[in-house]
Colleague: 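Can you read through this structure? Questions will come right after.
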Amino acid sequence: MCGIVGYIGTQQCVPILIDGLRKLEYRGYDSAGLAIHDGKGIELVRAVGKLRALEEATRERNTLEGTLGIGHTRWATHGGVSEENAHPHVAGDIALIHNGIIENHSALRKRLEGDGAAIASDTDTEIVAHLVDAHVRAGKDLVEGVRDALQEVEGAYAIAVVSRKDPSRLVVAKNASPLVLGVGDGENFAGSDIPALLEHTRRMVIMEDGQMAVLRRDGIELFTLSGDPVEVVERRVDWSPVMAEKAGYKHFMLKEIFEQPRAIEDTLRGRLERELGDINSAEIGLTPEVARSIKRVCLIACGTSHHAAMTGHYYFEQLAGIPTVVELASEFRARDPLIGDGDMVVAISQSGETLDTLMGAKIAKDKGAHILAIANVTDSAIPRMADGQLYTRAGPEIGVASTKCFTAQLLALLMLAIYVGRQNKHLSDEQTRDLVEELARLPLHMRDVLTGTRQLVSNIARRYKEAQDVLFLGRGLNFPIALEGALKLKEISYVHAEGYAAGEMKHGPIALIDASVPVVVLLPKDSYRDKSLGNLQEAKARGGRMIVVASEGDEDAHATADEVVEVPVVNELLAPFLTVLPLQLYAYYVADMKGTDVDQPRNLAKTVTVE
Ligand code: M6R
């Protein structure tokens, strides 16, 4: 995900901008750039690769001096990794950086090109620079030009803009992408997050969606996008450098758990056609022709990504009506799989580098299957070898235990299944419209669950943290979530945990149940709920201590369970996105209370490139 910084003041801005970008490196990037106003004009420096390359390029330009500038780290979305696609983008007198996605960029590009604009890159960002330039050329002041351009833009953005003709102002704006202002003495700052600015000031202004700001050396003005003034409210941030890196959270894992609504919004962005009630084919990674030709789907992955694949199994069979198999990538490649023409192999991997998944995809490709990669890391090995790519946009995941990438993978699989179901006419207009609407509301529900259950789950973790074994039960779409809950607990708290299909309990695991074994049951209101309630009662009757994740207002759950965590009622296909959240929090709090190394648990690696 891109990072942005801006500075206006009296100091030389190059080191300030590069230092800010270094603080934003955690967001992931593949190129970087600066635009510096030297009092006469704007100097542009861009480089592919790490910040070292940008620093090298600025050193070569030893005359690069100025007290107004913008800096950017780019995580490629529209257009490959190249210097031309790196930000800042320049149009006429305007230089602009952007974090987010402009959804209507194709239509705007066509119009601008028709008007004679020479667009040099493949990015959605350059389009915004040209829009601002067009308005300024038409006689608008810089601030009005930015405002008018943003009226034409749909999508998410945090932008920073400078004009060659105006060395006294830096203009920024935000909608759905983060942007923070830093207040100094005779200088002001902008950045994607607080840590990027913390070395220079602790006085911060957190911008809201739909706001613009004009930064001068001696002050900041804040407006709505329609031009109404907004009071500038400063807040003092007293984070230590370590806290700053984690945005105030104790661990990356907790930060990433709470980033999930945003990760879902970003992964949805540009892929839902809400007005048409459909999925937009542009960034699904599969052409309509290939989608219609698929006879069988094979989902391969490891660990948490394998649990996402197991949920994807339901999505493909129900929504696309296509026979689907799910395989652990290590087992898939351990045999000589019967796979080939007519099969689509979806290789799912957060890192995009997991060796077993990569080798499994290669075997399938050699045998003639179509390979689609679902990955979080752009241009990693699996998407590079695949025929198509569907990127999750969860942002870099630092904690070894995968959380936000898991829900982003569920979403990628769900959108893919809807898309294929539309292409092969398995899914009706009405079903699709309903799903699209529910998907659009999903981030709100996830936010509610995270904020509403955090304290309760922490209290439950405190009561049960000494348990040596924990059982997780789920049925249907929530069976993989039970497996995921158990995996999370195992890997970070080192507590033995087993995930089971609820219907399997009486075939063995019920023998384990006594008062020392907490049993976590997933019981959202879905087609399997009554059967799972029966399993819950069976376990309770054998003395089990029952922790239940149920839909709001489920009286039976309250009557039977020792602890109930409620989640909103949603379409059952979407329930896993909500039921997994308390399980992630439970694992986190147990581990934290035990004092384990939550972000880097023993013996585990984030990227597994061995067999
Ligand atoms: O990068 P991948 O998604 O391919 O990684 C697969 C597994 O190694 C990974 O999900 C692992 O199980 C995590 N530690 C789970 O939290």
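The structure displayed is predicted, hence computed values, not measured ones. All values below were derived from every heavy atom in this structure, side-chain atoms included, with hydrogens, water molecules and symmetry-related copies excluded. Throughout, residue positions are numbered sequentially from 1 according to the sequence presented.
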Colleague: Just checking, is any N or O donor in the side chain of Glu566 or Ser551 under 3.5 Å from an acceptor N or O on the other one?
Modeller: no
Colleague: May I ask you to say whether Asp526 pairs ionically with Arg475, meaning some side-chain N is under 4.0 Å from a carboxylate O?
Modeller: no
Colleague: Got Cys298 and Ile300 here, is their nearest side-chain heavy-atom distance under 4.5 Å?
Modeller: yes
Colleague: Between Glu154 and His105, do the side chains contain a donor N or O and an acceptor N or O under 3.5 Å apart?
Modeller: no
Colleague: How far apart are the closest heavy atoms of Leu299 and Gly312, and which atoms are they?
Modeller: CD1-C, 3.8 Å
Colleague: Below 4.5 Å, heavy atoms only, C-beta onward: do Arg269 and Arg271 meet side chain to side chain?
Modeller: no
Colleague: Could you walk me through whether Lys250 and Asp592 pass the side chain to side chain contact (heavy atoms under 4.5 Å, CB included) check?
Modeller: CA-CA 9 Å; Lys250 189 170 176 190; Asp592 186 36; 3.0 Å; yes
Colleague: Can you name the nearest heavy-atom pair linking Leu413 to Phe316, along with the distance?
Modeller: CD2-CE1, 4.1 Å
Colleague: With a 4.5 Å limit on heavy-atom distance, are the side chains of Leu268 and Met415 in contact?
Modeller: yes
Colleague: Looking at Cys302 and Asp356, what are the two nearest heavy atoms and their distance?
Modeller: SG-CB, 3.9 Å
Colleague: Going by distance alone, is a donor N or O of one side chain under 3.5 Å from an acceptor N or O of the other, for Ser516 and Asp514?
Modeller: yes
Colleague: What I'd like to find out is whether the side chain of Leu416 reaches to under 4.5 Å of the side chain of Leu414, using heavy atoms alone.
Modeller: no
Colleague: Is the closest side-chain heavy-atom distance between Val517 and Arg545 below 4.5 Å?
Modeller: no
Colleague: Below 4.5 Å, heavy atoms only, C-beta onward: do Val180 and Ser192 meet side chain to side chain?
Modeller: no
Colleague: Given side chain to side chain contact (heavy atoms under 4.5 Å, CB included), test Leu179 with Tyr157 step by step and report yes or no.
Modeller: CA-CA 9 Å; Leu179 192 59; Tyr157 53 78; over 6 Å; no
Colleague: Any chance NZ of Lys531 has more than 12 other-residue heavy atoms, nucleotides or ligands included, within less than 6.0 Å?
Modeller: no
Colleague: Please tell me if the side chains of Leu439 and Leu272 come closer than 4.5 Å, counting only heavy atoms from C-beta onward.
Modeller: yes
Colleague: Quick one: does Thr453's side chain have a donor or acceptor within less than 3.5 Å of a partner on Pro582's backbone?
Modeller: no
Colleague: Establish, from distance only, whether the side-chain atoms of Glu498 and His496 form a donor-acceptor pair under 3.5 Å.
Modeller: yes
Colleague: Quick test of your reading of the model: are Arg296 and Asp343 salt-bridged, counting only N-O distances below 4.0 Å?
Modeller: yes
Colleague: Under 4.0 Å between a side-chain nitrogen and a carboxylate oxygen: does that hold for Arg529 and Asp554?
Modeller: yes
Colleague: Can you give me the closest heavy-atom contact between Pro601 and Ile492, atom names plus distance?
Modeller: CG-CG2, 4.0 Å
Colleague: Do the side chain of Glu256 and the main chain of Gly399 share a donor and acceptor less than 3.5 angstrom apart?
Modeller: yes
Colleague: Side chain to side chain contact (heavy atoms under 4.5 Å, CB included) between Gln468 and Val495: does it pass, once the steps are laid out?
Modeller: CA-CA 6 Å; Gln468 300 289 307; Val495 169; over 6 Å; no
Colleague: Return yes if some donor-acceptor pair links the side-chain N/O of Gln389 with the main-chain N/O of Pro383 below 3.5 Å, else return no.
Modeller: yes
Colleague: Keeping the roles fixed (side chain from Gln600, backbone from Asp597), state whether a donor-acceptor pair exists under 3.5 Å.
Modeller: no
Colleague: Please tell me if the side chains of Ile513 and Met505 come closer than 4.5 Å, counting only heavy atoms from C-beta onward.
Modeller: yes
Colleague: Which of parallel (below 30°), tilted (30 to 60°) and perpendicular (above 60°) describes His251 and Tyr588?
Modeller: perpendicular
Colleague: Check this for me: does any side-chain nitrogen of one of Arg542 and Glu538 sit under 4.0 Å from a carboxylate oxygen of the other?
Modeller: no
Colleague: Looking at Leu523, is its backbone amide N or carbonyl O close enough to the side chain of Tyr528 to form a donor-acceptor pair, meaning the two atoms are under 3.5 Å apart?
Modeller: no
Colleague: For atom NZ of Lys525, is the number of surrounding heavy atoms from other residues, nucleotides or ligands below 6.0 Å larger than 12?
Modeller: no
Colleague: Determine whether a donor-acceptor pair (N or O, by modelled atom type, separation under 3.5 Å) exists between the side chain of Glu397 and the backbone of Cys405.
Modeller: yes
Colleague: Among Val457, Val520, Leu585, which one satisfies side chain to side chain contact (heavy atoms under 4.5 Å, CB included) with Val565?
Modeller: Val457
Colleague: Carefully, step by step, assess Tyr249 and Phe258 under the rule ring pair (Phe, Tyr, Trp, His ring centres under 6.0 Å).
Modeller: CA-CA 10 Å; Tyr249 288 96; Phe258 277 87; 5.8 Å; yes
Colleague: With a 4.0 Å cut-off, would you call Arg274 and Glu437 a salt bridge?
Modeller: yes
Colleague: Measure from the side-chain N and O atoms of Thr287 to the backbone N and O of Val290, and report whether any donor-acceptor pair falls under 3.5 Å.
Modeller: yes
Colleague: Considering only NZ, NE, NH1 and NH2 on the basic side and carboxylate oxygens on the acidic side, decide whether Arg433 and Asp278 come within less than 4.0 Å.
Modeller: no
Colleague: Has the side chain of Asp209 got a donor or acceptor atom that lies under 3.5 Å from a matching backbone atom of Lys174?
Modeller: no
Colleague: For atom CD of Glu289, is the number of surrounding heavy atoms from other residues, nucleotides or ligands below 6.0 Å larger than 12?
Modeller: yes
Colleague: Do the numbers put Arg462 on top of the ring of Tyr589, so that NZ or CZ is under 6.0 Å from the six-membered ring centre and no more than 45° off the axis?
Modeller: no
Colleague: Do Thr403 and Gln584 pair up side chain to side chain, a donor and an acceptor below 3.5 Å, judged on atom types alone?
Modeller: no
Colleague: Decide whether Thr304 and Glu484 meet the rule of one side-chain donor and one side-chain acceptor closer than 3.5 Å.
Modeller: yes
Colleague: Has the side chain of Tyr586 got a donor or acceptor atom that lies under 3.5 Å from a matching backbone atom of Leu581?
Modeller: no
Colleague: Is the closest side-chain donor-acceptor distance between Gln350 and Ser305 under 3.5 Å?
Modeller: no
Colleague: Decide yes or no on side chain to side chain contact (heavy atoms under 4.5 Å, CB included) for Leu578 and Leu442, but give the supporting numbers first.
Modeller: CA-CA 9 Å; Leu578 304 185; Leu442 186 58; 4.2 Å; yes
Colleague: Mark yes or no for whether Glu317, through its side chain, and Tyr314, through its backbone, hold a donor-acceptor pair below 3.5 Å.
Modeller: no
